[in-house]
Novice: 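Dumping the structure here so I can ask a few things about it.
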Amino acid sequence: MPPGSRPDTLPAIPRQRIKPSWAQPDPLDELAERLDDFIAAAVHPDEIAALLESDGLSDDQIRERYGVKNSFALAEELYERVERRYPEPDGPVHDPWQVGLLGCLLRGVVFALPGLGYVLGGPLLAGPHDDFGLPAGTVPLLAGALVGWTWNQGLAHRAYSWLGLGDRDAARRSLLLGAPAGALLGSLVALAVAGAAQPVAVAFAAGQSVYLGAATALLVMSRERALLAALLPMAAGGVLALVHPVPDAARLILLLGSLTVVALLGLREVAPLKGRGTVLNVGPRLSASLPYALFGLATGVLVLYTALGDFLTGEQRSAIAAPAAVALTLSMGPAEWLLYRFRSGSLAGLRSSSTPRAFWRTTVLTVLKCLSGYLLALLVLSLATSALWPHAPGIAGVRLAGLLLLGVVLWTGLLLQSFGAVLSAAAICCAAALAQSVALVTHAGSPHWIGLIVHGTAAVAQATLVCALLGRVTAHR
């Protein structure tokens with residue numbers, strides 16, 4: 001017994017101790033353990049922030065539970081606590097960006113074939129050149145086309161948004177209401193520009209507006225093959241008209257026949273189905289489609305200036321400088337496919353990179369390869385169309401450089417849209433279209449040199465923005 005102890009006293013039963021606050025489980029450690037596999041495979045903290053936000057964690061909840069100010073601060077803390085691991089997945093990796101080249105090329109052909117309608121219908125717009133030196137009826141047709149491109153670009157985005165929400169019926173309804181409204185608006189604008197003095201031009205512009213609306217509906221609903229079949233007779237007539245005279249009656253029959261078939265196919269595709277599907281209470285905001293419409297307007301203006309460059313310099317008076325516009329339109333097929341290739345390559349880079357800097361380098365190389373491929377396709381198409389188009393000026397020197405820079409603007413603009421930065425792309429393209437318009441109106445220089453400068457400036461601005469976004473993992477979702 002220890003000295004001084006009482007032999008008749010039993011040892012006291014120890015009391016249960018209260019665990020001090022510092023020994024409580026750390027909520028951050030618990031969260032890191034729960035999300036360990038995902039955090040370990042993350043290349044950038046933004047990936048973790050996106051997961052936290054998708055789980056519904058608000059900044060207030062994060063501050064209360066974990067003592068940090070927001071989801072990004074929490075993501076950075078979790079990223080630091082968990083060691084990097086990149087386990088190989090079981091079986092082949094799913095790549096949602098794998099698409100066939102043939103389907104994209106088909107869309108490019110479908111985009112370009114309506115241009116042969118202008119070749120077929122050109123003689124029906126007989127008359128003296130207008131004050132701008134353009135063939136009779138060109139201005140109302142261009143005004144109606146710009147309105148159609150603007151309206152239908154926004155309409156397509158809205159319909160695609162409904163499809164993304166899984167509401168196909170709502171997408172049909174938006175097309176059913178929006179396409180006729182756009183056709184009416186385009187026709188009224190052409191009438192306002194032409195007046196009663198050019199009834200044939202107004203009728204042609206009205207048919208053009210109807211076609212744009214119906215074709216938009218078919219393309220959104222993935223009916224490219226049906227649209228191609230409807231356009232083939234008219235396209236064949238346009239090709240024949242390039243090398244051999246075609247009677248006016250045959251021209252009119254081919255134009256009206258293809259237009260009628262396209263309109264009926266479009267109406268059939270968006271007609272309401274029997275019964276009602278699931279109706280979503282919350283749909284996409286109308287304002288979300290506005291940047292896409294502005295992007296369509298701006299790029300339409302830039303393409304038209306490129307097509308009309310030789311008219312504006314007085315170097316051509318017999319036909320619109322179509323080869324450049326046709327080449328750009330046909331190139332949209334390869335452009336779409338290369339955008340998918342970039343998204344697929346960035347997904348592979350996300351799996352193979354272990355640091356944000358390595359991921360950025362990988363995506364920069366991927367985007368350079370895809371952009372180079374697109375410019376090569378545009379170069380081949382521009383040289384081919386210039387060689388095959390009767391009485392067309394050659395595409396070389398400043399013309400060719402301006403065309404390729406415009407290709408950079410279009411492709412990087414589409415890439416920015418895929419990153420969710422459509423507002424920035426629309427702002428840059430609208431500024432470029434406005435600058436080129438002001439320069440041409442004030443006769444600040446040769447249209448070709450103005451186009452080269454404007455396209456180059458816009459291309460540099462958008463390429464810089466693309467490089468800034470390439471390292472953001474969440475931009476590639």
Novice: Which heavy-atom pair separates Ala241 from Arg251 by the least distance, and what is that distance?
Specialist: CB-NH1, 3.9 Å
Novice: Heavy-atom distance under 4.5 Å between the side chains of Leu328 and Leu403, does that happen here?
Specialist: yes
Novice: Does the side chain of Leu218 reach to within under 4.5 Å of the side chain of Glu224, using non-hydrogen atoms?
Specialist: no
Novice: Can you check whether Leu176 reaches Leu267 side chain to side chain, under 4.5 Å on heavy atoms?
Specialist: yes
Novice: Indicate yes or no for a side-chain donor-acceptor contact from Ser258 to the backbone of Leu255 under 3.5 Å, with no hydrogens or angles considered.
Specialist: no
Novice: Could you label the plane-to-plane angle of the Tyr292 and His157 rings as parallel, tilted or perpendicular, counting under 30° as parallel and over 60° as perpendicular?
Specialist: parallel
Novice: Can you tell me how far CZ of Arg172 sits from CE of Met221, rounded to the nearest 0.5 angstrom?
Specialist: 4.5 Å
Novice: Quick one: does Leu142's side chain get under 4.5 Å of Leu146's, heavy atoms only?
Specialist: no
Novice: Could you pull out all residues at least two apart from Val239 that satisfy side-chain contact (heavy atoms from CB on, under 4.5 Å)?
Specialist: Leu116
Novice: Can a donor-acceptor pair be found, under 3.5 Å and without considering hydrogens, that links the side chain of His455 to the backbone of Gly451?
Specialist: yes
Novice: Examine distances only and state if a side-chain atom of Trp151 and a backbone atom of Ala179 form a donor-acceptor pair shorter than 3.5 Å.
Specialist: no
Novice: Atom CG in Leu212, atom CD in Gln153: separation rounded to 0.5 Å?
Specialist: 11.5 Å
Novice: Quick check for you: to the nearest 0.5 Å, what is the distance between Leu254 atom CG and Leu232 atom CG?
Specialist: 12.0 Å
Novice: So do Val408 and Leu404 actually touch side chain to side chain, heavy atoms under 4.5 Å?
Specialist: no
Novice: For Tyr211 and Pro114, which heavy atoms make the closest approach, and how far apart are they?
Specialist: OH-CG, 3.0 Å
Novice: Give a yes or no on whether the backbone of Tyr340 and the side-chain of Ser344 come within a donor-acceptor separation of less than 3.5 Å.
Specialist: no
Novice: To the closest 0.5 Å, what do you measure between CG (Leu415) and OH (Tyr374)?
Specialist: 13.0 Å
Novice: Is the shortest heavy-atom distance from the side chain of Leu264 to the side chain of Thr260 under 4.5 Å?
Specialist: yes
Novice: Are Phe111 and Leu219 side-chain neighbours, meaning at least one heavy-atom pair lies under 4.5 Å?
Specialist: yes
Novice: Take Gln462 and Cys429 through the test side-chain contact (heavy atoms from CB on, under 4.5 Å) and record every step on the way to the result.
Specialist: CA-CA 9 Å; Gln462 292 194 163; Cys429 290; 3.3 Å; yes
Novice: If you compare all heavy atoms of Tyr305 against all heavy atoms of Ser437, which two are closest, and at what distance to 0.1 Å?
Specialist: OH-OG, 2.7 Å
Novice: Quick one: closest heavy-atom pair of Arg343 and Ser418, and the distance?
Specialist: NH1-CB, 3.3 Å
Novice: Give the intermediate values and the outcome of side-chain contact (heavy atoms from CB on, under 4.5 Å) for residues Thr457 and Ile428.
Specialist: CA-CA 9 Å; Thr457 304; Ile428 293 172; over 6 Å; no
Novice: For Leu141, is there any backbone N or O sitting under 3.5 Å from a side-chain donor or acceptor partner on Gln208?
Specialist: yes
Novice: With rounding to the nearest 0.5 Å, note down the distance linking CG in Leu259 to CG in Leu231.
Specialist: 10.0 Å
Novice: Tell me the closest heavy-atom pair linking Gly178 and Leu155, and the distance in Å.
Specialist: C-CD2, 3.7 Å
Novice: Just how far is it from atom CG of Leu406 to atom CD of Gln436, taken to the nearest 0.5 Å?
Specialist: 8.5 Å
Novice: Any side-chain heavy-atom pair from Trp411 and Leu339 closer than 4.5 angstrom?
Specialist: yes
Novice: Tell me the closest heavy-atom pair linking Ala263 and Val210, and the distance in Å.
Specialist: CB-CG1, 4.3 Å
Novice: Could you pull out all residues at least two apart from Ser209 that satisfy side chain to side chain donor-acceptor pair (under 3.5 Å)?
Specialist: none
Novice: Apply side-chain contact (heavy atoms from CB on, under 4.5 Å) to residues Phe419 and Leu465 and explain how you reach the verdict.
Specialist: CA-CA 11 Å; Phe419 283 165; Leu465 185 55; over 6 Å; no
Novice: Could you walk me through whether Val220 and Leu163 pass the side-chain contact (heavy atoms from CB on, under 4.5 Å) check?
Specialist: CA-CA 9 Å; Val220 169; Leu163 289 175; 4.0 Å; yes
